[in-house]
Amino acid sequence: MPRILPTDQTIQIGNRIQAERIRLGWTREQLAEAVDLTPGYIADLERGRTGLSVPRLIDFCSIFSCSADYILFGRSICLLYTSDAADEE
């Protein structure tokens, strides 16, 4: 995807992706490897300078265990599923 001028929406999406990456304790390099992208693309994404395709959005949702609504709009939270969380249900 080509680089774009950051907008409020792309910056917010990037902020949520960065926050989830940090929550997992991953570097940009580790996240890039997990989704088959370059660290530079991850940096541009986190800064709101590039967009996100639907297949990549699905990849991020899977890795972060969260909904597309959270990544795109911040409407829900990401959940880190653990055996403790499963036991509470």
Side-chain angles (χ1 to χ4, degrees):
M1 239 179 220
R3 287 176 72 166
I4 59 173
L5 290 176
T7 65
D8 285 344
Q9 185 177 22
T10 60
I11 290 169
Q12 290 171 6
I13 290 168
N15 288 342
R16 286 187 283 274
I17 289 171
Q18 182 180 45
E20 290 305 306
R21 175 182 61 79
I22 291 168
R23 180 182 63 82
L24 292 176
W26 287 9
T27 64
R28 286 184 178 143
E29 290 77 14
Q30 289 170 311
L31 180 57
E33 186 176 325
V35 292
D36 196 30
L37 296 170
T38 66
Y41 182 90
I42 299 296
D44 283 345
L45 186 59
E46 290 181 350
R47 293 181 182 123
R49 293 189 288 191
T50 193
L52 188 60
S53 69
V54 172
R56 293 298 179 206
L57 175 61
I58 292 167
D59 290 342
F60 284 108
C61 290
S62 177
I63 288 168
F64 297 147
S65 297
C66 68
S67 70
D69 268 358
Y70 171 73
I71 292 176
L72 296 175
F73 307 110
R75 290 192 184 142
S76 61
I77 60 169
C78 283
L79 300 173
L80 181 60
Y81 295 105
T82 65
S83 58
D84 291 341
D87 292 341
E88 292 176 9
E89 292 183 16

Got a second to check how far [X]'s [atom1] is from [Y]'s [atom2], nearest 0.5 Å?
X	Y	atom1	atom2	value
Ser53	Asp59	OG	CG	7.5 Å
Asp8	Ile13	CG	CD1	11.0 Å
Arg49	Ile11	CZ	CD1	10.5 Å
Asn15	Thr10	CG	OG1	9.5 Å
Ile71	Leu57	CD1	CG	5.5 Å
Glu20	Leu31	CD	CG	10.5 Å

Self-check item: Where Gln9 and Phe73 come nearest, the two heavy atoms and their spacing
Solution: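 Closest heavy-atom pair between Gln9 and Phe73: NE2-CE2, 4.1 Å.
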
Self-check item: Arg16 to Tyr70 - nearest heavy-atom pair and separation
Solution: NE-O, 2.8 Å

Quiz item: Just wondering, do Ile17 and Leu52 contact through their side chains at under 4.5 Å, heavy atoms?
Solution: yes

Quiz item: So, do Trp26 and Ile42 sit near enough that their side-chain heavy atoms are less than 4.5 Å apart?
Solution: no

Quiz item: Which residues pass the side chain to side chain donor-acceptor pair (under 3.5 Å) test with Glu46, sequence neighbours left out?
Solution: Arg21, Arg28

Exercise. Assess whether atom CD of Glu33 is packed by more than 12 heavy atoms of other residues, nucleotides or ligands within 6.0 Å.
Key: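 For Glu33, atom CD is not crowded (no more than 12 foreign heavy atoms under 6.0 Å).
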
Exercise. Determine yes or no for a side-chain-to-main-chain donor-acceptor pair under 3.5 angstrom, with Arg75 supplying the side chain and Ser67 the backbone.
Key: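 Side chain of Arg75 to backbone of Ser67: no pair is present.
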
